[in-house]
Visitor: 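Dropping the structure in here first, questions after.
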Amino acid sequence: MARVFIGLGSNLAEPRQQLHNALSALTATDGISQVRCSPLYASDPLGPADQPRYLNAVAELATTLAPLELLDVLQRIELEQGRERKDQRWGPRTLDLDILLYDQQQIDHPRLQVPHYHMHARAFVLYPLADLAPELILPNQTRLQTLLAACPFAGLERLD
Ligand code: ROI
């Protein structure tokens, strides 16, 4: 069993419902168990400012799926929930599901980079991740708390 953290984000088409449906779909997937979600956060968009605020969260799960099998599952869920792959870079999206961490693996594959290449400096990833695993140490031996200390909470709002 691998311990995996997934980043969830949405700023279109009822983001709260998007995240809820994504969690249900993950829970219902063969080979995935023990799905646990952080609190939800509203966050200012990174990228063009003329788009709605995002809803972000991080989920932890246990899986027997290999990393690329899990990526296939996440991309299927994104598409089933109306994601259009033509989504412009940095533009609004119905649902984003990113593999942040897969055990302590470092993966450099054309389709998949783990740890997720931008997670180290994104408040909307680091804060919900810390809600689930405050003591986490990343594969390069960096402590999550060290990253948090360098990452302002600015633009983030924790929801209940
Ligand atoms: N900005 C925020 N706040 N949250 C996201 O999940 C997010 N996802 C993205 C881009 C467009 C980079 N901006 C984001 O893909």
Side-chain angles (χ1 to χ4, degrees), residues 3-27 29 32 35-61 63 67-68 70-102 106-134 136 138-139 142 144-160:
R3 181 192 195 201
V4 177
F5 292 92
I6 307 280
L8 300 91
S10 168
N11 72 341
L12 289 180
E14 309 228 22
R16 195 179 277 270
Q17 196 63 43
Q18 294 288 343
L19 266 51
H20 178 82
N21 291 349
L23 290 165
S24 299
L26 286 171
T27 302
T29 301
I32 292 179
V35 178
R36 194 162 75 95
C37 191
S38 73
L40 305 183
Y41 288 80
S43 62
D44 291 342
L46 186 70
D50 60 340
Q51 57 178 321
R53 292 187 96 201
Y54 279 78
L55 198 63
N56 284 111
V58 170
E60 178 182 11
L61 54 82
T63 189
L68 290 175
L70 180 60
L71 180 64
D72 287 337
V73 167
L74 300 184
Q75 291 187 346
R76 174 180 53 76
I77 294 172
E78 286 177 344
L79 291 174
E80 282 172 359
Q81 291 189 209
R83 171 82 175 256
E84 297 186 25
R85 268 288 154 191
K86 66 174 164 54
D87 284 359
Q88 82 204 68
R89 187 165 157 76
W90 303 112
R93 60 259 338 272
T94 51
L95 179 64
D96 228 351
L97 299 174
D98 293 326
I99 300 176
L100 303 172
L101 296 167
Y102 187 102
Q106 292 182 284
I107 302 167
D108 196 359
H109 182 277
R111 290 184 61 207
L112 181 64
Q113 196 165 342
V114 178
H116 190 265
Y117 44 92
H118 286 135
M119 66 173 285
H120 305 81
R122 288 185 171 176
F124 61 81
V125 173
L126 296 178
Y127 284 89
L129 182 58
D131 290 329
L132 291 174
L136 196 70
L138 277 69
T142 308
L144 177 56
Q145 292 299 331
T146 303
L147 296 175
L148 278 175
C151 188
F153 192 77
L156 212 56
E157 182 188 346
R158 187 175 160 160
L159 309 175
D160 298 317

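Counting starts at 1 for both ligands and their atoms, in listed order. What you see is a predicted model, and the numbers here were worked out from it, not measured in a lab.
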Visitor: Using the six-membered ring wherever Trp is involved, compare the ring planes of Tyr127 and Phe153 and label them parallel, tilted or perpendicular (cut-offs 30° and 60°).
Guide: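 Because their plane-to-plane angle is over 60°, the rings of Tyr127 and Phe153 count as perpendicular.
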Visitor: Going by heavy atoms, is Arg93 under 4.0 Å from ligand 1?
Guide: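 Right, Arg93 reaches ligand 1.
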Visitor: Do Gln17 and Ser10 have side chains that approach each other closer than 4.5 Å (heavy atoms only, starting at C-beta)?
Guide: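 They are not in side-chain contact.
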Visitor: Should Gly47 be listed as contacting ligand 1, given a heavy-atom distance under 4.0 Å as the test?
Guide: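 Checking ligand 1 against Gly47, which is what was asked, there is no heavy-atom contact under 4.0 Å.
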Visitor: Ligand 1 and Ser43, any nitrogen or oxygen pair closer than 3.5 angstrom?
Guide: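 So ligand 1 has an N or O lying under 3.5 Å from an N or O of Ser43.
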Visitor: Which atoms of ligand 1 have any heavy atom of Pro45 under 4.0 Å away?
Guide: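 Contacts of ligand 1 toward Pro45, numbered from 1: 1 (N), 3 (N).
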Visitor: Considering the heavy atoms of Asp44, write down every atom of ligand 1 situated less than 4.0 Å from one of them.
Guide: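 Near Asp44, meaning under 4.0 Å from one of its heavy atoms, ligand 1 has 2 (C), 3 (N).
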Visitor: For Trp90, which part has a heavy atom under 4.0 Å from ligand 1: side chain, backbone, both, or neither?
Guide: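 Near ligand 1, Trp90 shows its backbone as well as its side chain.
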Visitor: Measuring only between side-chain heavy atoms, which start at C-beta, is Tyr102 closer than 4.5 Å to Leu112?
Guide: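 A side-chain contact under 4.5 Å is absent here.
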Visitor: Look at atom 1 (N) of ligand 1 and find which of Leu156, Leu8, Leu46 reaches it with the closest heavy atom.
Guide: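 Nearest heavy atom to atom 1 (N) of ligand 1 lies in Leu46.
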Visitor: Quick one: look up the protein heavy atom nearest atom 8 (N) of ligand 1 and list residue, atom name and how far away it is.
Guide: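 Atom 8 (N) of ligand 1 sits closest to the protein heavy atom Tyr54 CE2, 3.8 Å.
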Visitor: Determine whether His109 and Leu71 make a side-chain contact, defined as any pair of heavy atoms from C-beta on separated by less than 4.5 Å.
Guide: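 Side-chain contact under 4.5 Å: no.
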Visitor: For atom 4 (N) of ligand 1, what is the nearest protein heavy atom, given as residue, atom name and distance?
Guide: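 Atom 4 (N) of ligand 1 sits closest to the protein heavy atom Asn56 OD1, 2.9 Å.
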Visitor: Please say whether more than 12 non-hydrogen atoms of neighbouring residues, nucleotides or ligands are located less than 6.0 Å from CD in Gln113.
Guide: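 Atom CD in Gln113 is packed in, count exceeds 12.
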Visitor: Could you see which bit of Asn11 sits under 4.0 Å from ligand 1, with heavy atoms only: side chain, backbone, both or neither?
Guide: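 The answer is neither.
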Visitor: How long is the straight-line distance from CD of Gln81 back to CG of Leu95, given to the nearest 0.5 Å?
Guide: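 Taking CG in Leu95 and CD in Gln81, the distance rounds to 5.0 Å.
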Visitor: Ignoring hydrogens and angles, tell me if any N or O in the side chain of Arg158 forms a donor-acceptor pair with the backbone of Leu156 under 3.5 Å.
Guide: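 It does not hold such a pair.
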